[in-house]
Number of protein chains: 4
Amino acid sequence: MASDIKHIGILTSGGDAPGMNAAVFAVAKTANNHGIKLSGIRKGFEGLIDNDLLPLDPNEMQRLMHQGGTILKTARSERFMSAQGQNKALRTIEQNKLDAIIAIGGDGTFRGMLALSKISNIPFIGIPGTIDNDIAGTDYTLGFDSAVNTAVKCIDNIRDTAESHNRVFLVEVMGRDSGYIGIHSGLSCGADAILVPESNEDINYLLHKIKHYNSEDAFIVVMCEGDELNVEQVSSKIRKVNAHIDLRIAKLGHIQRGGKPSAQDRMLGIRLGVLATKAIINGESGKMAGVCNNKPTLRPIKSVMKKQSVDAETQDLLTLFCG
Amino acid sequence: MASDIKHIGILTSGGDAPGMNAAVFAVAKTANNHGIKLSGIRKGFEGLIDNDLLPLDPNEMQRLMHQGGTILKTARSERFMSAQGQNKALRTIEQNKLDAIIAIGGDGTFRGMLALSKISNIPFIGIPGTIDNDIAGTDYTLGFDSAVNTAVKCIDNIRDTAESHNRVFLVEVMGRDSGYIGIHSGLSCGADAILVPESNEDINYLLHKIKHYNSEDAFIVVMCEGDELNVEQVSSKIRKVNAHIDLRIAKLGHIQRGGKPSAQDRMLGIRLGVLATKAIINGESGKMAGVCNNKPTLRPIKSVMKKQSVDAETQDLLTLFCG
Amino acid sequence: MASDIKHIGILTSGGDAPGMNAAVFAVAKTANNHGIKLSGIRKGFEGLIDNDLLPLDPNEMQRLMHQGGTILKTARSERFMSAQGQNKALRTIEQNKLDAIIAIGGDGTFRGMLALSKISNIPFIGIPGTIDNDIAGTDYTLGFDSAVNTAVKCIDNIRDTAESHNRVFLVEVMGRDSGYIGIHSGLSCGADAILVPESNEDINYLLHKIKHYNSEDAFIVVMCEGDELNVEQVSSKIRKVNAHIDLRIAKLGHIQRGGKPSAQDRMLGIRLGVLATKAIINGESGKMAGVCNNKPTLRPIKSVMKKQSVDAETQDLLTLFCG
Amino acid sequence: MASDIKHIGILTSGGDAPGMNAAVFAVAKTANNHGIKLSGIRKGFEGLIDNDLLPLDPNEMQRLMHQGGTILKTARSERFMSAQGQNKALRTIEQNKLDAIIAIGGDGTFRGMLALSKISNIPFIGIPGTIDNDIAGTDYTLGFDSAVNTAVKCIDNIRDTAESHNRVFLVEVMGRDSGYIGIHSGLSCGADAILVPESNEDINYLLHKIKHYNSEDAFIVVMCEGDELNVEQVSSKIRKVNAHIDLRIAKLGHIQRGGKPSAQDRMLGIRLGVLATKAIINGESGKMAGVCNNKPTLRPIKSVMKKQSVDAETQDLLTLFCG
């Protein structure tokens with residue numbers, strides 16, 4: 001079965017995430033060990049449309065694991081939404097005799113691959129690469145641990161200045177509709193309150209607590225960008241219940257995307273890259289390579305196309321510390 | 001059942017590990033929520049012998065989570081090996097009316113608690129705190145992720161100078177008899193070879209590979225302090241098969257113990273601290289609070305008093321990348 | 001002369017800056033070596049009004065040098081603007097028999113000390129502590145190097161994601177009316193354009209360059225918070241000349257204030273703390289301890305109460321790289 | 001005069017140092033602005049012998065400033081010691097029509113350039129690139145600030161574990177015969193004693209202080225690799241005066257060479273790269289581009305070929321804090 005696969009293409013699509021390069025390296029290494037050629041497809045589906053491929057040598061990539069971002073570049077491709085774009089992509093696959101594709105990205109990336117699989121029978125495996133940790137079927141997505149560590153370093157910094165001034169800080173972290181980055185970074189930094197998209201009640205806890213805040217210490221609120229309320233609205237509500245506080249806002253923004261990947265994300269990239277490549281060799285397709293209960297796991301792509309909800313243990317921690 | 005527990009003592013013992021303070025904070029917070037008093041026992045079993053306790057207030061400890069080391073201080077206690085020392089410890093327990101003890105440390109710490117449990121029926125729960133990841137019954141020990149991240153940063157630095165000079169570097173990492181720090185940091189940094197205590201063959205792979213090394217790039221060897229051969233012996237063997245190389249040695253040493261805990265270790269400390277405290281409240285004793293397959297899990301202490309062996313997936317990765 | 005000084009008070013006021021704790025430690029050590037008692041005044045002038053003092057022992061502070069923020073806490077005091085507040089401050093000075101005050105902060109802090117010196121003849125020395133590097137009479141202010149290093153790490157992170165997407169990033173850094181943080185961090189990160197308050201022409205350079213930007217690479221603009229235009233205005237101008245670009249905004253904000261001080265800021269804190277204490281002992285007053293042309297230098301406070309302009313060499317570099 | 005220079009060669013030689021890439025970028029940018037071609041000579045004098053040159057485009061290098069090490073690679077060339085090697089180097093210069101050379105490195109590099117200048121009249125300018133800060137004629141050498149910051153982070157880490165165990169740590173830092181890295185990192189970390197090559201008395205201070213050490217806190221000794229005594233000898237002397245202490249050794253080693261350059265080193269690289277290129281354009285030769293009293297300064301190479309001694313202010317600080 002493995003003998004069928006002679007040439008794999010790999011792409012990264014959607015938002016970049018630290019650890020993507022480790023995954024690409026692991027795919028290159030595994031493919032190379034099996035005598036399979038690997039080509040990088042640049043800029044996600046854009047490169048598939050434009051026939052923009054480059055050969056990948058594992059010996060050249062060993063040193064790139066510590067780089068943030070993705071050396072393959074990434075993009076969100078509007079052209080790939082159209083039949084015309086998808087047909088061009090098919091031509092690239094045929095011209096380069098690609099026998100399989102490994103696609104690293106989030107739900108948009110997987111939707112793209114599912115669309116492609118409707119007009120082609122090329123095998124593909126997905127790898128969950130997004131800092132948001134919002135994909136079901138895996139304990140963690142690639143980039144999540146790095147993003148949390150970056151957020152934690154930033155909030156530690158903010159605590160320094162907050163304690164010096166006895167200030168309240170409202171820190172917005174990334175995560176789209178998911179509260180994971182907010183919960184992990186907030187708990188890790190000893191936040192006084194955490195606002196997540198998954199709860200409508202947390203604002204009441206915050207307002208109750210801040211009402212009794214005596215300005216004799218730092219008070220750190222971590223809130224997720226996907227919360228029902230935005231930073232300005234929360235800020236306004238806080239001021240209403242406690243007019244005397246010294247309140248500042250910090251939106252961490254895109255610095256959470258970049259930087260050297262954490263050790264966990266490099267290991268996760270390696271684990272998922274190896275798992276995905278072996279899956280391709282074993283004739284699998286239409287699945288996502290993830291880690292479930294800390295074990296490498298293949299799940300049908302369709303089953304993971306829903307948001308990862310906050311697990312019960314994490315929810316309990318959130319309630320215990322900030323609820 | 002919970003009503004029996006009014007006062008918990010907590011200690012850290014053996015080598016310090018990043019994340020211990022997060023665990024202590026989580027115990028303080030959980031105990032406080034249940035109206036239970038918490039006292040820190042300073043310097044591990046030494047403080048138990050010397051009645052050296054301090055009250056712990058969760059509101060004071062929130063800000064200490066980002067600190068490396070242990071604010072309770074730690075020690076290896078010879079006095080506690082004797083009946084006399086243990087009897088003094090008992091007296092401290094009685095005088096302070098401690099109803100339970102939570103002990104954070106490695107196998108030595110757990111042996112100490114088992115010894116104490118033979119002369120006393122005070123309930124206790126262990127939390128695995130050691131950078132070495134060498135305790136069975138948990139996916140990871142507290143401090144492991146931080147130590148790996150520190151090692152990774154160091155090896156990234158070493159790669160910079162190794163590539164500038166086309167040099168071979170032999171980097172020794174910690175881990176006592178365990179290869180985990182070596183494997184995780186080595187794979188994460190794209191090491192060319194990794195020497196672990198768990199294998200006698202890896203040296204042959206290294207020597208074969210270095211024989212053909214052409215000095216046109218960096219060549220990074222990560223070796224564990226617990227390997228059969230020491231750094232000087234490996235260095236000598238390398239020089240024998242390839243006399244022309246420019247070889248340097250770097251022992252990372254104690255810097256791997258310190259530093260701000262990683263986000264994962266803070267979260268792990270919180271998870272295990274909460275689990276241990278709830279176990280105490282629920283009347284459990286003689287167990288270790290760990291995370292198995294990424295789920296909070298209590299295991300009998302006696303069942304974890306053996307070295308964590310390298311799991312099959314990690315062993316496969318090691319073989320694939322450096323075998 | 002030195003024999004007159006038996007008790008020094010020290011305060012930090014205005015915005016906190018990394019390195020302030022090193023300066024306090026150095027003052028404590030130097031005072032201690034001369035048999036002089038040192039008291040910390042908490043929350044800047046607020047503590048002087050409220051008689052909120054704490055004794056400082058150099059042996060306790062040795063370990064605090066690596067902490068960001070200020071262990072003395074800081075504040076902007078409105079009460080100290082009034083005669084009543086200043087009179088209360090005088091009473092604190094008399095009650096505690098303070099023979100001199102060392103004040104760490106920016107121009108507001110120095111203005112406060114000048115006000116106090118009008119109603120009292122207590123000797124005082126200022127130390128320039130602000131991340132903005134906007135005080136004349138010193139090559140660098142305390143905290144500037146740390147803030148620049150933090151900004152540099154953030155912009156390095158942003159480059160990772162910017163290169164992955166071929167995006168334009170508009171990064172706002174701190175510095176109030178000064179361009180120093182922007183220039184140093186921008187040059188250090190290879191920014192494509194830097195917008196500073198000191199120039200009205202830099203926007204033209206940016207617009208000219210971005211007009212010809214082909215979206216085949218990252219494009220990083222660093223802009224200072226004190227620039228004539230705000231981030232939204234610059235963003236709007238950019239879009240007008242090149243509608244096709246993918247533009248993102250990142251305001252680094254308060255994370256630039258916190259974090260462990262850099263080695264340079266710790267050394268600068270030590271140098272200025274020693275210089276200030278020796279000046280007090282030598283009977284000096286009304287001066288600022290700075291470093292000019294890399295030499296410890298005392299300058300009359302009144303002569304430094306003006307903005308540090310961008311020096312000619314830095315201006316030339318700015319023109320060469322982004323002008 | 002500038003019109004004579006059409007093609008500059010640049011090399012890095014000796015030990016690599018963070019900031020070298022910033023200097024190369026600044027030379028590339030400045031040369032490019034003057035219409036001058038720049039070629040990188042790989043592996044120092046080895047590349048000059050072997051005609052191993054590569055073209056340098058400033059637009060490609062902008063993103064490399066944050067990399068540690070040197071993208072030109074470096075080496076210590078034995079062949080260049082011989083007349084044969086130097087003649088081959090001359091041929092490379094002629095074949096490529098190099099009009100000038102900029103050489104980044106330490107005293108060995110400068111000796112190499114002086115040797116070359118005896119058999120050729122090609123203009124050259126040196127840039128002091130070494131982490132050791134042991135070159136006269138400049139306040140700081142390129143790489144020093146980064147190395148100190150790395151050492152400081154390591155010693156901060158060590159303090160965490162030292163305080164947890166109340167241990168004595170003997171930390172060896174780099175610097176060859178110079179005490180600068182030891183003094184700056186030791187003072188910045190609140191070391192209890194610092195041993196430098198420049199003093200024979202410091203060991204007595206250390207032994208006196210450690211004799212009275214009561215094991216109730218951390219005790220950090222920073223010692224320079226070039227000290228009269230080596231780590232083992234110091235360790236042995238310490239144990240003789242205080243047998244009860246818990247002493248550990250940490251040699252920081254090559255991690256001090258690598259890593260992302262600090263902001264100061266990037267700025268210094270830019271400043272010196274611009275100064276050196278302008279000097280070449282202005283017809284200068286045989287000089288080193290440095291920063292004296294924080295001002296860009298050209299000094300005859302021969303006048304800087306002596307060790308930078310510890311300046312009086314730094315010596316005073318050392319005496320005050322550890323003397």
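Throughout, protein chains are lettered first and strands after them, A, B, ... in sequence-line order, and every chain is numbered starting at 1. These figures come from a predicted structure and were not determined experimentally.
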(request) Take A:Phe219 and A:Ile210 through the side chain to side chain contact (heavy atoms under 4.5 Å, CB included) test and state the conclusion after the steps. (result) CA-CA 8 Å; A:Phe219 190 102; A:Ile210 202 101; 3.4 Å; yes

(message) Using 0.5 Å steps for rounding, measure from the CD1 atom of A:Ile131 to the CD1 atom of A:Ile181.
(response) 4.0 Å

(message) Please find the pair of heavy atoms, one from A:Leu142 and one from A:Ile127, that lie closest to each other, and give the distance.
(response) CD2-CG2, 4.2 Å

(message) So A:Ile41 and A:Leu72, do their side chains get closer than 4.5 Å, heavy atoms only?
(response) no

(request) Enter the distance from C:Leu38:CG to C:Leu53:CG here, rounded to the nearest 0.5 Å. (result) 9.5 Å

(request) Could you pull out all residues at least two apart from A:Phe110 that satisfy ring-ring contact (aromatic ring centres under 6.0 Å, His included)? (result) none

All donor-acceptor atom pairs under 3.5 Å, backbone and side chain, chain A-chain C:
from	atom 1	to	atom 2	distance (Å)
A:Asp16	N	C:His165	NE2	3.3
A:Asp16	OD1	C:Thr161	OG1	2.6
A:Asp16	OD1	C:His165	NE2	3.1
A:Asp16	OD2	C:Thr161	OG1	3.2
A:Lys43	NZ	C:Glu216	OE1	3.3
A:Lys43	NZ	C:Glu216	OE2	3.0
A:Thr70	N	C:Ser164	OG	2.9
A:Lys73	NZ	C:Glu163	O	2.9
A:Lys73	NZ	C:Asn166	OD1	2.5
A:Thr74	N	C:Ser164	O	2.8
A:Asn157	OD1	C:Gly259	N	3.2
A:Asn157	ND2	C:Ile255	O	3.1
A:Asp160	OD2	C:Gly259	N	2.8
A:Thr161	OG1	C:Asp16	OD1	2.6
A:Thr161	OG1	C:Asp16	OD2	3.2
A:Glu163	O	C:Lys73	NZ	2.9
A:Ser164	O	C:Thr74	N	2.8
A:Ser164	OG	C:Thr70	N	2.9
A:His165	NE2	C:Asp16	N	3.3
A:His165	NE2	C:Asp16	OD1	3.1
A:Asn166	OD1	C:Lys73	NZ	2.5
A:Glu216	OE1	C:Lys43	NZ	3.2
A:Glu216	OE2	C:Lys43	NZ	3.0
A:Ile255	O	C:Asn157	ND2	3.0
A:Gly259	N	C:Asn157	OD1	3.3
A:Gly259	N	C:Asp160	OD2	2.8

(message) Does any backbone or side-chain atom of A:Ile71 lie under 4.5 Å from a heavy atom of chain C? Answer side chain, backbone, both or neither.
(response) neither

(request) Give the member of A:Gly253, A:Cys154, A:Gly44 that has the highest number of heavy-atom pairs under 4.5 Å with chain C. (result) A:Cys154

(request) Can you tell which part of C:Leu252 gets under 4.5 Å to a heavy atom of chain A, answering side chain, backbone, both or neither? (result) side chain

(message) Any heavy-atom pair between the side chains of A:Val222 and A:Ile155 that's under 4.5 Å?
(response) yes

